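All remarks here apply to the structure that follows.
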Amino acid sequence: MKKMLLALVALFMLLPAMADEGMWLPSLIKSRVKDMRANGFKLSAEDIYSVNKASLKDAVVLFGGFCTGEIVSEKGLVITNHHCGFDAIQSHSTVEHDYLTHGFWAMSSEEELPNPGLWVRILVRMEDVTERLAAGETADDIIRKAQAEGRNYHASIEQMYYGNQQFLFLYQQFNDVRLVGTPPSSIGKFGGDTDNWIWPRHTGDFSVFRIYADKENQPAAYSPENVPYRPKRHFKISTDGIEEGDFTMIYGFPGNTQQYITSTAVRYVQYDSDPMKIDLRTRRLDIIRAASEADAKIRIQYASKYANIANAWKKWQGEVLGLERLNTVAAKEAYEADFRRWSADKPEYASLLDSMQTAYEQTADWYWLEELKNESVRTIELSIIAADVAREVNPATAPSVRNAMRHSGYRDLFFKDYDVNVDKALTLAVLKGYREYLKKYCRVDEELEKLISESGSLEQFVDNLYAQSLFTSAEKCAKVNFEQVQQDPAYKLYMLFRSTTGRLPRNLSNVPAIEQWYRPYLKALMQFDPERPFFPDANMTLRVAYGTICGYEYADGEYHTPLTTLDGIIAKDNPAIYDYDIPQALRDIYRTKEYGRWGVEINGHLTVPVCFLASNQTTGGNSGSPVLNGKGELIGVNFDRTWRSTMSDIAFDPTICRNIACDIRYVLFVIDKVGGAGYLIEEMGL
Ligand code: ARG
Ligand code: GLU
């Protein structure tokens with residue numbers, strides 16, 4: 001009885017996606033428009049995506065390959081997140097011009113700062129090429145032909161539904177992207193890692209860039225002669241405000257979801273992969289935190305590394321809790337049991353789940369070991385710099401690459417943020433962790449054990465490593481040649497642990513031996529469960545998600561409302577706590593209440609809106625995405641999810657999964673009142 005009930009509950013959770021689940025392909029959005037309009041969308045499918053006329057897609061950019069951005073003016077102005085622009089901002093920061101601490105606003109186009117290596121891409125079109133490929137055209141041919149259509153066109157073919165469909169994505173890439181402005185970190189990263197993945201949230205997580213083009217409005221390498229890009233389309237901004245229940249839509253580049261995986265794959269994430277990764281990162285974070293508390297220099301050196309390690313670490317913890325709470329494994333098992341019954345008399349599908357199970361059993365160990373190495377021995381920075389230098393001084397490396405590396409300043413950048421004692425402690429910890437995990441699963445790394453026993457103990461091995469290696473300082477490794485590098489113990493360690501099979505597929509289920517079964521499985525699911533609205537897993541291609549502005553019940557009796565304000569920032573403000581120490585300018589504005597046009601009456605008093613919640617399905621890569629209202633106007637900039645949403649990459653729960661956006665009115669308020677860059681507000685047409 002209990003089992004039946006469980007199965008029933010489980011089934012209910014997997015029922016046809018409720019309103020807010022989904023990351024839809026823009027070119028196929030027609031099938032959703034009726035539902036969208038029922039929820040408050042006022043435009044047409046053609047307004048979202050069109051190849052014949054300018055549409056909203058022309059105002060969305062893939063920012064640097066890892067984030068999303070949106071064009072907000074006729075002169076190529078782009079808004080993205082502060083954490084997406086972070087590297088660019090940091091690279092311009094020096095002790096004299098510390099833009100991270102004080103912020104930066106260009107007051108004219110001459111002051112906008114170029115960023116070598118940073119690019120944005122705008123989608124020209126997407127196209128289902130499944131049939132062309134089936135008819136014998138090669139992917140290379142299709143890509144080559146498409147790229148020949150325009151200047152600096154980049155094409156790729158991406159798999160949807162594990163390869164049941166293949167889509168061509170054709171982009172135009174712009175390589176001259178300049179920094180226009182950023183708030184200080186005390187606004188752009190307000191709350192730091194303490195508030196990361198948390199609601200209520202008060203982070204002004206935005207920064208501003210501009211795309212430049214040549215005189216013909218075509219992509220060009222950086223040149224002082226370049227002029228602001230004139231986009232086909234830019235987003236109109238709405239400052240009308242938002243209310244719970246309003247329609248919202250997100251247009252961006254979500255990176256990775258796996259909503260169709262079997263219970264076995266969920267188990268792997270929940271019990272094998274996430275806990276191991278969390279534990280190893282906890283050990284590293286403990287070391288960095290202790291060292292940072294003792295030494296301000298180390299805190300700055302390791303701030304960005306810490307934030308990177310902590311971001312996924314925190315997300316995975318939320319994910320495990322979420323999967324437990326939703327009982328996703330049991331829900332998937334019940335679903336699979338039904339599938340088995342349904343497929344029993346269909347020879348092409350009857351043994352699918354068994355084949356998948358066998359493939360998992362044959363593959364999971366290998367994948368886990370690779371993940372273990374990625375999270376432990378492959379994080380050793382001494383080995384990483386040794387490998388980089390090896391590439392630079394190796395006579396077999398292409399001369400152009402060697403030359404570029406020599407002039408890139410990568411060594412200085414590395415050692416600027418490197419502390420040998422911290423690194424040594426980290427190395428000891430990850431080697432220890434690596435051995436422990438191997439032991440737990442009755443394995444040994446014989447080559448490593450040989451090295452350790454030659455030294456006597458692990459501690460002695462690490463001592464010797466740091467005493468003998470030339471890579472512990474910039475001076476020592478300044479003039480090494482390739483022979484010396486090859487003899488160096490840090491390089492040997494790199495060679496011992498390096499991957500010999502290329503890049504790890506992004507999830508266990510994407511390992512080809514397993515993935516091949518997902519192709520027929522997805523096909524079968526679409527027949528087995530025809531009511532379920534299927535959408536392809538996120539894969540860093542352009543998608544539309546839609547939902548509503550809404551709060552949620554965080555815990556029994558504890559409802560979280562969807563909007564935060566400046567009052568919340570002031571309540572958290574504390575000069576003694578690094579993450580909550582706001583700029584004096586903000587305190588002053590709050591005291592005088594001179595909010596200008598950005599002041600809003602909320603709950604009976606004047607304040608400024610800061611962040612809001614909505615029910616759109618988003619994931620990593622959606623950072624910086626435009627959040628739009630029913631008329632397609634910009635109301636916010638997406639930057640996070642809530643703690644209880646983080647399992648949504650595997651199982652989306654519409655009752656509690658929420659994305660977090662920075663209210664566009666806060667962005668404008670900060671640009672205007674804190675940054676003093678009112679000319680940008682005018683440029684945005686306000
Ligand atoms: N959690 C957000 C995202 O996944 C923001 C990360 C940057 N902020 C930070 N405090 N580490 O990437
Ligand atoms: N901050 C994330 C990013 O960098 C978005 C948050 C999420 O994973 O939903 O893309």
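One-based numbering, in listed order, for ligands and for the atoms of each. For clarity, every value in this text was computed on a predicted model and none was experimentally measured.
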Polar proximity ligand 2 side, C67 side, N/O cut 3.5 Å exclusive: no

Could you check whether any heavy atom of H83 sits closer than 4.0 Å to an atom of ligand 2, since that is the contact criterion I want to use? yes

Please determine whether any non-hydrogen atom of W197 lies less than 4.0 Å from an atom of ligand 2. yes

Should the ring pair F66 and F63 be called parallel, tilted or perpendicular, given that the plane angle runs from 0 to 90° and is split at 30 and 60? perpendicular

Between R658 and T655, is there a donor-acceptor pair closer than 3.5 Å when you use the side chain of the first and the backbone of the second? yes

Less than 3.5 Å between some nitrogen or oxygen of N196 and one of ligand 1, yes or no? yes

Considering only non-hydrogen protein atoms, determine which one is nearest to atom 2 (C) of ligand 1 and report residue, atom name and distance to 0.1 Å. D640 OD1, 3.3 Å

Considering only protein heavy atoms, which is closest to atom 6 (C) of ligand 2, and at what distance to one decimal place? D640 CA, 3.6 Å

Using modelled atom types and a 3.5 Å cut-off, is there a donor and acceptor pairing between side-chain atoms of D581 and backbone atoms of Y578? no

Using salt bridge (Lys or Arg N to Asp or Glu O under 4.0 Å), reason through K297 and D295 one step at a time and then give a plain yes or no. CA-CA 5 Å; K297 183 170 171 216; D295 185 337; over 6 Å; no

Charged tip of R281 within 45° of W313 ring normal and under 6.0 Å: no

Heavy atoms, side chains only, cut-off 4.5 Å: are V208 and L77 in contact? yes

If you measure from the SG of C611 to the SG of C662, is it under 2.5 Å? no

Just jot down the ligand 2 atoms closer than 4.0 angstrom to any heavy atom of F639, in number order. 1 (N), 2 (C), 5 (C), 6 (C)

Using heavy atoms and a 4.0 Å limit, tell me yes or no: is G620 in contact with ligand 1? no

Quick check: does any side chain N or O of K314 sit under 3.5 Å from a backbone N or O of D193, one acting as donor and the other as acceptor? yes

Should the proximity of N622 to ligand 2, defined as any heavy atom under 4.0 Å, be assigned to the side chain, the backbone, both, or neither? backbone

Using a strict 4.0 Å cut-off to heavy atoms of G621, name the atoms of ligand 2 that fall inside it. 3 (C), 10 (O)

F174 six-ring centre to R121 NZ/CZ under 6.0 Å and within 45° of normal: no

Which residue and atom name correspond to the protein heavy atom nearest atom 7 (C) of ligand 2, and how close is it? R641 NE, 3.3 Å

Measure the distance from atom 4 (O) of ligand 2 to every protein heavy atom, then report the residue, atom name and distance (to 0.1 Å) of the closest one. S623 OG, 2.5 Å

List the closest protein heavy-atom neighbour of atom 12 (O) of ligand 1: residue, atom name, distance to the nearest 0.1 Å. N311 ND2, 3.1 Å

For G192, counting its heavy atoms only, list the atoms of ligand 1 lying under 4.0 Å from any of them. 10 (N)

May I ask you to check if K305 and Y302 form a cation-pi contact, with NZ or CZ under 6.0 angstrom from the six-membered ring centre and within 45° of the axis? yes

Starting from atom 11 (N) of ligand 1, locate the nearest protein heavy atom and write down its residue, its atom name and how far away it is, to 0.1 Å. D193 OD1, 3.2 Å

Does F639 come within less than 4.0 Å of ligand 1, judged by its heavy atoms? yes

Check: H154 ring centre within less than 6.0 Å of Y171 ring centre: no

Atoms of ligand 1 close to W197 [distance to a heavy atom under 4.0 angstrom, numbered from 1]: 1 (N), 4 (O)

Atoms of ligand 1, numbered as shown, that sit under 4.0 Å from any heavy atom of A307: 11 (N)

